[in-house]
**Student:** 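Can you keep this structure in mind? I'll have questions shortly.
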Amino acid sequence: MDIVLTRRILCFIVLLRSLASAQGEANADTGLSYGLLIPAKATMQRAWEIPKNPLLDSVNGNSPEMEQIRYGYRVFTSTALESPASTGNSLSCSNCHLNAGQREKALPLAGIAGVYPEYNKRSAKEVTLEDRIIECFNRSIDASRINERPHAGEQPESLIVRTKDSKDVRAIAAYIGWLSHGSREKPPWRGQNAISPGNIIPLERLDTARGHALFADKCVTCHGADGQGVFIGDKKAGPLWGSESWNDGAGAARIYTLAGIIRYMMPYLDPGSLTDEEAQEIAAFINSQARPVYPYKSLDYPGSAVPADAVYYPKERRK
């Protein structure tokens, strides 16, 4: 073979490898193309897939750090079973953060550790990742109802175990940190579960009766007519209202927040098939139902109005 031609072929191979490497880095940065996140519209074939499962990780051995990550994963995916002392309902973290926090447009947590600390409007202060996990326990997992009332001046963030050094809190933070390794500070897949501002329907125009009809048509296969969830094989959808659901201080208790979740995550095997309007109508119906009371709502949004769609708060506090 001609020497010049050989050199050109070698240069071309090196170029291809460089491009592949650059593409790999770009994929690692977006997290969408190289398999870190399950695609938003994944069908049955990938419905239960976990791209990064620490229980199957043999590379990092059985170090104390890896064992903590594995425990955090177990708590995340089976919260009531693994963490009964910090759980007030039958939900798990993975009921909201699908595929163990690794599905696009399903509140993914890969890369999130690098975002904290960040300002939280509800508490009107900067919070750490551990603070945010405790808040989720208190509200979405409803741990607040199994703890005694706080002492005078004590903030509700401390209610679960009264310390950020809780074994469960530290373990979930370790798992999220493990998912976040190598991702950039502000992952591009964050904040995608939101209805476009231009498509927001005023609360007074949302029809809960239509939302109920849509729920009966689109949601009962997994959640049941009573909203408590039905078993499909060994999987069971989380309860959407009642004593085993999130409390009325949770993020999902806000109509537009829940609508964004529904719009991009549901129905589970056909996500994205609902319109913005349908998602908001269904969310209005779900959040018209009774649910556990978060007893410290009066401490939320200090110095500012409560968002209008936080319908479980007193109307006079909402803007």
**Student:** With ring centroids as reference points, do W241 and F215 lie under 6.0 angstrom apart?
**Tutor:**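 Judged by ring-centre distance (under 6.0 Å), W241 and F215 do meet the cut-off.
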**Student:** Between S166 and V169, is there a donor-acceptor pair closer than 3.5 Å when you use the side chain of the first and the backbone of the second?
**Tutor:** yes
**Student:** Classify the ring geometry of H212 against F285: parallel below 30°, tilted from 30° to 60°, perpendicular beyond 60°.
**Tutor:** parallel
**Student:** Please confirm whether the backbone N or O of D248 pairs with a side-chain atom of R291, one donor and one acceptor, at under 3.5 Å?
**Tutor:**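 Not at all, since once roles are kept as given, no pair shorter than 3.5 Å links the two residues.
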**Student:** Hey, do the aromatic rings of W246 and Y294 have their centres closer than 6.0 Å?
**Tutor:**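 Centroid separation for W246 and Y294: 6.0 Å or greater.
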**Student:** Do the side chain of S140 and the main chain of A250 share a donor and acceptor less than 3.5 angstrom apart?
**Tutor:** no
**Student:** Checking side-chain polar atoms at under 3.5 Å, does D300 have a donor or acceptor matched by the opposite partner on Y313?
**Tutor:** yes
**Student:** Do the side-chain N and O atoms of R46 and N99 include a donor-acceptor pair separated by under 3.5 angstrom?
**Tutor:** no
**Student:** If we ignore hydrogens and angles and just use 3.5 Å, is the side chain of D131 paired with the main-chain N or O of T128 as donor and acceptor?
**Tutor:**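 It does hold such a pair.
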**Student:** Looking at S90, is its backbone amide N or carbonyl O close enough to the side chain of E244 to form a donor-acceptor pair, meaning the two atoms are under 3.5 Å apart?
**Tutor:**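 Side chain of E244 to backbone of S90, a donor-acceptor pair under 3.5 Å: yes, one is there.
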**Student:** Using modelled atom types only, decide if a donor and an acceptor are shared between the side chain of R190 and the backbone of G111 within a distance under 3.5 Å.
**Tutor:**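 Here the side-chain-to-backbone pair does not exist.
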**Student:** Dump the intermediate steps for side chain to side chain contact (heavy atoms under 4.5 Å, CB included) on Y268 and L98, then the final yes or no.
**Tutor:** CA-CA 9 Å; Y268 192 79; L98 302 184; 3.6 Å; yes
**Student:** Side-chain contact test, heavy atoms from C-beta onward, threshold under 4.5 Å: evaluate it for D207 versus E281 and give yes or no.
**Tutor:**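 Yes. Closest side-chain heavy atoms under 4.5 Å.
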**Student:** Apply side chain to side chain contact (heavy atoms under 4.5 Å, CB included) to the pair I262 and I286, showing each step before the final yes or no.
**Tutor:** CA-CA 11 Å; I262 293 170; I286 291 172; 4.1 Å; yes
**Student:** Does Y312 reach the main-chain N or O of A290 with its side chain, forming a donor-acceptor pair under 3.5 Å?
**Tutor:**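 Flag not set: sc Y312 to bb A290 has no pair under 3.5 Å.
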**Student:** Is R103 reaching over with its side chain to a backbone N or O of M265, donor-acceptor style, under 3.5 angstrom?
**Tutor:** no
**Student:** Judged by atom type as modelled, is there a donor-acceptor pair below 3.5 Å linking the side chain of Q68 to the main-chain atoms of P64?
**Tutor:**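 No; zero donor-acceptor contacts below 3.5 Å.
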